[in-house]
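A note on names: the letters A, B, ... follow the listed sequences, proteins ahead of strands, and every chain is numbered from 1.
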Amino acid sequence: MKFSYSWIRSLVDGLDLPAESLERLITMKTAECEGIELAGELLAGAVPARVVSVEAIEGGKHVVKAVVDAGMYGRKTVVCGAPNCRAGITTVYVPLGSKSIAGVLSEGMLASASELGLSRDHAGIIELSDSDELPPPDHVIEIDNKSITHRPDLWGHHGMAREVAAITGKKLRNPVDLSSLASPGSPVNVEIEDLALCPRYSALVFENVTVQPSPLWLQHRLTSVGLNPINNIVDLTNYIMAELAQPMHAFDRARLQGDTIFARPAKVGESIVALNDESYTLTPANVVIADATGPIAIAGVIGGKDSAISETTTSIVLESANFNAASVRKTSVALKLRTDASMRFEKSQDPHNTVRALARALDLLPLVSPGIRLVGGLADRHADFPAPPPVSLNLNWLARKLGRKLDAAEVRRILESLDFGVAETGFETFSVTIPSWRATKDVSLPDDLVEEVGRMIGYDSIQPAPPLVPCAPSYDPPEREFLRSVRRLLAARGYNEISNYSFISEESARRFGLAVEDHVRVLNPIAAGQELMRTSLLPGIHGNIVENAKHLEDFRIFEVGHEIHKSDGGKPAERVHLMAALYSKAAPEGLLELKRVAECLASGLHVRPAEPRSWEHSARCAELWWQGRQVGRLSELHPELIDSGRAAVLDLDLALLQELKPDRSGYKPVRRFPTSAFDLSVIADSRELAGNLELHIRQFAGELAEAIEYVREFQGAPLPEGRKSVTFRLIAGAPDRTLSSPETTALYDRIVAGLTGLGYEFRG
Amino acid sequence: MQVILDNALDRIRAAATGEELEAVRVEVLGRKGVLAQLSKDMGKLNADDRAARGKFINASKQALESAWEEKKSGFDRAALARRLDSEWMDLTVPAAGVTPGSLHPITQIQWEIEDLFRSMGFTVLDGPEVESEFHNFDALNIPADHPARDMQDTFWLDGGHLLRTHTSPVQVRGMEKLGPPLRMIAPGRVFRNESVDASHEHTFYQLEGMMIDREVSVGNLIYFMKTLLTAIFKKEVAVRLRPGYFPFVEPGFELDIRCLICGGDGCPVCKQSGWVELLPCGLVNPHVLRKSGIDPAEWNGFAFGLGLTRLVMMRYAIDDIRWLQSGDLRFLRQF
């Protein structure tokens, strides 16, 4: 929202602060200013100038040499490219210094309305009439719209002027004279179908209207606050909107069918061509303004093209209405149409404001359309607006909330300067009445008044004070420390942490064998390729591997992140997973290193053969099991998924690991009797799993096996092709004695016999 | 006998190698050596001679053994010295084993701030990234069709769920879980549906904080923020509050810190204002307390939101937010 400094100054008596100081005060006490700029900078030295003569320049394309009578600057020669530059017109001369153009010395410039900041017209140089006066440049303060979302009144200059008056202790001028408003008896009737959707509809009818361009001062005001001048009638409605925050609309009365204006939900299938030349098909969720034959405006959003003000308009119906904020917002969102009107209505405008705007129009219309006449009186239908209940404000409570002492007179002064009503109702207690423009949504609780007082006394007047709080240990969710330990472990083991997006593409889901329909879908993705929520960290990690392999020979990476899975009907389930990857251009032993990482997190986990997935190296993949549950997967990426090198990946369900993590309590006594050890070399098929052999040995060894250690494998002569020898060291012992030599021999024999029975051989 | 002894001593002292020494030892001190033979012969002597012979043998044995030990340890030392010398190693060659990896800079800042809050008695809570409309908006006093919803462009998911646009919903979950009084923070990943460029990301990290107690004032909030920010930036930080609108707090503030680059004199970072907008905060709106089952007549509190991504960028002077989610190790390995 842009605010004109001169406009605000016209509404605050004796305001003499420079615009820059005012901007700072507004930021500190009301709303965030985003910047300040000078609108119509060229107007500073500009003067009206009559074009005395125009002559062509030899060799000059599209430019002419004009001699102008530039008032206090005297006679000047200017090179001008405007198509409308001709002798006899009065335009504007700007003394910009001399320079040579097309071989002619140009002593300044003739300006267009756009260059002067008076309108957006840049078709040619401006042409002034005798009555036109050049306005001075104006400072424009831009306020962050987000910071006035809750303040319907600050969408107009009068509301901001009230703030400025309160901040500076000056007096606010009221531009509205309600007494000028005509008595009832309008030639038009108003029918409101649902007062909840349209709490008020007020209108005046005028005749003898002349439609023409607005005077310069009006165009300048509108242009400097970002509104586009169109014609005097439309401009005036916009002017009042920018002043009082009340959107208005003017209909060409001759284009309306019948004398009744309806405010009602649209009928199914109704449509309207709006002022922006777009056609909108409406539903009963949209409120329309209609005449006897159909919609003439989308309520609170935009007017219809058919009934728009045009050069032939001679009679108008001026609408000043109030619409339900949520309804306007819904319509505006549904139609993807945000207008200056809808932006204001969705902030919950004050229904008392409709007639104020009409009174202001009644005063101003004769200035822009001389001879205009009011027909009849005011049309005004509205709901009952009970006065908002007063808010009881305890000054002691207020002081405790703010954390500083307060003077009752000071509090009263602040509230009254913002037009709150203040009555003392008890000891240190005020009964505060809320002005209607603050009551629609903004202020209803004593807490809201804490803000009013706090911002005006200035938050910098509050001394910081340590809070008095109980001394108690904080609750620590156990999974947080676990997740930290996982990240620390990976980082200590050489892995770099990565953070990937939670979104993946359909293509990527398919590529990694993930069914697209199993994914939670983003209804409004920011870009193609980000339409699904990830059910695996793999697509992201794979992308990291491919990208980093372009620069690096080898690397280790990991991510801890949420997988998001559909769950039946309910809220999607989130699982925290770890995915770690080890890449090397030269052949690595990445899989076994990652296996050790997994073991660090799940001591004693089991590796089981896995059915290969499409993205896996079909001979290098495994499931990881722990405590009877599958906790993850270990595999090498399929070689077709990377350009060169090998990439091993580990996927662990951290939520499950955390759940399965055993509590450590007690300890196993350290053994007191020595153990004995012997080696066993089992000959088996070369694809026999060492883990299987170990299981067999453990089974036959029984409880005397203290530990079974894998030592080495061997293939080649003298073993036949397709056979391997796997050597284990068995450490045997009993908790209560030293094993005797015959016992150890018997153990050895039992294992050999057992495995031989299963078809294995032994190497001597 | 003395001659034999002297001769043996000479040979021990003269031994040039460990093998030579061992040969002499076996010959003289061994089980079948000279001294053993002399002891064996003692039985044939009379008592006096036997005693004299015994003395002599013991004395000789001692002398020979100590000579042997001296010589032996000399050889051992020399052998050790040779071995050590032969094992010379160039320690300027590169180290073995993996070099440490790294934690993502967001993780590092997040942990640092979590620890800071824990030291002040705060609970750290996590919340889901997929949220219900209720927790993300309604419970925070942002009903449907409230224009404040425009402040946070939302990713909508099928099933009517959404990706949380802020960590504030964890406030609600925290109040529901812990009850008053409470001190909690909630760090985490949040999502906004906006296009990515050097200063905008649709995925970034925030930290939400809240304190609920019997008496919590704006003065307490300012104190707390000052303490916190001084700890984060590791130097005294000046702060100021100005009005800001967030439906879940009342009054609501934007907290600015005095520009750390120019100290308040004005520079491009603070756009010449001397102040940098850092975080939104405020006293918790009574509607929000009530929706979370807390009686606003008895309890009140403050809440604030801190942009972790923003802090990381400030600390390391990162000029392009996209690095953080890039997965590029040339960037990440620097942390």
Side-chain angles (χ1 to χ4, degrees), chain A residues 27-28 30 32 146-147 149-150 326 329-330 346-347 400-404 445 447-448 450-451 454-455 459-460 462-467 469-470 474-475 480 487 490-502 520-524 526 544 547-548 551-552 555-556 562 564 571-572 574, chain B residues 98-104 106-107 111 118 121-126 128-130 132 145 147-148 151 155-158 161 178 181 183 193 195 202-203 211 213 215-220 222-224 226 240-245 250-251 253-254 283 285-286 324-325 327-330 332-333:
Chain A
T27 291
M28 291 309 292
T30 301
E32 183 169 340
K146 283 184 220 156
S147 71
T149 300
H150 57 312
R329 188 177 145 77
K330 250 186 220 154
E346 68 177 27
K347 310 299 188 288
R400 291 205 324 271
K401 275 274 187 183
L402 286 172
R404 63 156 272 183
L445 301 173
D447 302 78
D448 300 322
V450 174
E451 171 146 43
R455 66 193 179 94
Y459 294 120
D460 54 358
I462 298 173
Q463 284 304 308
V469 291
S474 58
Y475 161 76
R480 302 206 92 257
R487 287 182 154 109
L490 270 291
R493 286 186 166 253
Y495 293 77
N496 296 103
E497 188 183 18
I498 273 180
S499 173
N500 285 312
Y501 290 137
S502 303
V520 176
R521 188 170 280 278
V522 183
L523 299 180
N524 55 341
I526 190 98
N544 302 141
E547 285 306 310
N548 284 298
H551 314 290
L552 303 167
F555 51 84
R556 295 169 171 80
H562 289 210
I564 293 172
K571 199 160 144 318
E574 295 175 39
Chain B
V98 280
T99 47
S102 59
L103 293 171
H104 196 281
I106 296 271
T107 302
W111 286 8
R118 283 171 44 152
F122 278 65
T123 285
V124 187
L125 291 180
D126 294 304
E129 290 169 6
V130 177
S132 63
D145 301 313
M151 291 155 74
F155 282 112
W156 293 93
L157 306 179
D158 46 17
H161 302 288
L178 302 172
R183 275 169 277 172
N193 194 337
S195 305
H202 55 62
T203 299
M211 174 185 287
D213 220 297
E215 294 273 341
V216 179
S217 69
V218 176
N220 296 152
I222 300 174
Y223 172 90
F224 194 84
K226 236 175 113 60
R240 71 172 191 189
L241 295 187
R242 54 187 171 80
Y245 173 63
E250 186 66 54
F253 313 111
E254 289 284 4
L283 298 187
N285 190 303
L324 294 169
Q325 293 286 122
D328 193 325
L329 291 172
R330 294 170 299 172
L332 292 169
R333 280 179 172 173

Region of [X] that comes under 4.5 Å of a non-hydrogen atom in chain B:
X: A:Tyr475; result: both
X: A:Glu547; result: neither
X: A:His150; result: both
X: A:Ala492; result: backbone
X: A:Ile526; result: both
X: A:Arg404; result: neither

If I compare all heavy atoms of [X] with all of [Y], which pair ends up nearest, and what's the gap?
X: A:Ile498; Y: B:His104; result: C-CD2, 4.2 Å
X: B:Ser217; Y: A:Leu402; result: CB-C, 4.0 Å
X: A:Tyr459; Y: B:Val218; result: CD2-CG1, 4.3 Å
X: B:Tyr245; Y: A:Ser147; result: CB-O, 4.3 Å

Does any non-hydrogen side-chain atom of [Y] lie less than 4.5 Å from one of [X]?
X: A:Val520; Y: B:Val130; value: no
X: B:Arg240; Y: A:Met28; value: yes
X: B:Pro251; Y: A:Arg455; value: no
X: A:Asn548; Y: B:Asp328; value: yes
X: A:Ser502; Y: B:His202; value: no
X: A:Arg556; Y: B:Val98; value: yes

Name the region of [X], side chain, backbone, both or neither, that has any atom closer than 4.5 Å to a heavy atom of chain A.
X: B:Asp213; value: side chain
X: B:Leu324; value: backbone
X: B:Pro128; value: both

To the nearest 0.5 Å, tell me how far [X] [atom1] sits from [Y] [atom2].
X: A:Asn524; Y: B:Asn193; atom1: CG; atom2: CG; result: 4.5 Å
X: A:Leu523; Y: B:His161; atom1: CG; atom2: NE2; result: 11.0 Å
X: B:Asp126; Y: A:His562; atom1: CG; atom2: NE2; result: 6.5 Å
X: A:Asp448; Y: B:Asn285; atom1: CG; atom2: CG; result: 7.0 Å
X: B:Glu254; Y: A:Glu32; atom1: CD; atom2: CD; result: 5.5 Å

More than 12 heavy atoms of other groups within 6.0 Å of A:Tyr501 OH: yes
Chain B contacts, top residue of [options] (heavy-atom pairs, under 4.5 Å):
options: A:Arg493, A:Lys330, A:Gln463; answer: A:Lys330
options: A:Gly454, A:Pro572, A:Ala465, A:Pro470; answer: A:Ala465
options: A:Ala326, A:Gly403, A:Ala491; answer: A:Ala491

side-chain contact (heavy atoms from CB on, under 4.5 Å) evaluation trace for A:Leu552 with B:Leu329: CA-CA 9 Å; A:Leu552 303 167; B:Leu329 291 172; 3.8 Å; yes
Look at [options] and state which one has the largest set of heavy-atom pairs under 4.5 Å with chain A.
options: B:Ile222, B:Leu283, B:Leu157; value: B:Leu157
options: B:Lys226, B:Arg330, B:Glu215; value: B:Arg330
options: B:Phe122, B:Phe253, B:Phe224; value: B:Phe253
options: B:Ser195, B:Gly327, B:Pro243, B:Ser132; value: B:Pro243

Short side-chain to backbone donor-acceptor contact, A:Ser474 and B:Arg118, under 3.5 Å: no
Side chain to side chain donor-acceptor pair (under 3.5 Å) involving A:Asn496 - partner list, sequence neighbours excluded: B:Ser102, B:Arg333
side-chain contact (heavy atoms from CB on, under 4.5 Å) between B:Leu103 and A:Glu497, worked out: CA-CA 5 Å; B:Leu103 293 171; A:Glu497 188 183 18; 4.0 Å; yes
Pair A:Val469-B:Arg183, side-chain contact (heavy atoms from CB on, under 4.5 Å): steps then yes or no: CA-CA 9 Å; A:Val469 291; B:Arg183 275 169 277 172; 3.5 Å; yes
